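When a residue number appears, it is its place in the shown sequence, counting from 1. Keep in mind that the numbers below use all heavy atoms, side chains included, and drop hydrogens, waters and symmetry copies. Computed from a prediction, not measured in an experiment: that's the story for all the values here.
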Amino acid sequence: KKLVGHAWWTEVKDRELLSELLIWISFHPYPPQVLKILGPDNELYGYIYTNRSDVHIKKVDDRTLWIDELVEPPYVVELEGAVL
């Protein structure tokens, strides 16, 4: 089985990169979580650590899952009474 991700996803293989990503993710307004990635037959493909709950995963073939990119939600900015 294979888990393939969009180019923006980063496979973490060492503690240094994990530490850097944990610092980065801590600045986002949503708390991070570990999500289990299961295939169509409930077979474990891996885990994803993210502060998002809208991760899109689709089946490519019988042995491959694709993790799509995440689009940033719109942010509300107030400037002198106007909401952008």
Side-chain angles (χ1 to χ4, degrees):
K1 64 187 181 243
K2 184 168 54 169
L3 190 58
V4 180
H6 184 273
W8 291 359
W9 286 105
T10 302
E11 184 177 3
V12 178
K13 295 183 178 182
D14 61 69
R15 291 180 86 84
E16 184 179 332
L17 179 57
L18 177 60
S19 294
E20 183 180 325
L21 291 173
L22 289 175
I23 291 168
W24 179 83
I25 206 170
S26 71
F27 287 102
H28 285 266
Y30 308 105
Q33 58 189 335
V34 176
L35 303 174
K36 191 184 293 186
I37 300 172
L38 300 175
D41 56 357
N42 271 348
E43 187 176 0
L44 179 65
Y45 275 70
Y47 298 89
I48 187 169
Y49 184 72
T50 181
N51 62 344
R52 302 281 297 270
S53 61
D54 57 343
V55 178
H56 298 278
I57 300 173
K58 59 185 173 184
K59 179 180 172 182
V60 175
D61 58 39
D62 288 338
R63 304 291 296 160
T64 309
L65 294 180
W66 165 262
I67 304 174
D68 209 349
E69 70 175 309
L70 294 177
V71 177
E72 285 294 323
Y75 291 97
V76 175
V77 178
E78 291 187 40
L79 283 175
E80 298 178 21
V83 177
L84 305 175

Check your understanding: Just wondering, are more than 12 heavy atoms of other shown residues or ligands nearer than 6.0 Å to CG in Asp62?
Key -> no
Practice item. Taking side-chain contact (heavy atoms from CB on, under 4.5 Å) as the test, write out the residues that go with Ile37, two or more places apart. Key: Leu3, Tyr45, Ile48, Ile57, Leu65, Ile67
Exercise for review: Return the set of residues passing side-chain contact (heavy atoms from CB on, under 4.5 Å) with Lys13 (not counting sequence neighbours), or none when no residue passes.
Suggested key: Glu11
Practice item. Name all pairs fulfilling the salt bridge (charged side-chain N to carboxylate O under 4.0 Å, His left out) condition that reach into residues 25-43, sequence neighbours left out, sorted by first residue then second. Key: Lys1-Glu43, Glu43-Arg63
Study note, to complete from the structure: Applying side-chain contact (heavy atoms from CB on, under 4.5 Å) to Glu20 and not counting sequence neighbours gives none
Study note, to complete from the structure: When rounded to the nearest 0.5 Å, the distance separating CH2 of Trp66 from NE2 of His56 is 13.5 Å
Review point. By side-chain contact (heavy atoms from CB on, under 4.5 Å), which residues pair with Thr64, not counting sequence neighbours?
Key: Lys2, Val4, Val60, Asp61
Check your understanding: Asn42: what forms a side-chain hydrogen bond (donor to acceptor under 3.5 Å, both in side chains) with it, not counting sequence neighbours?
Key -> none
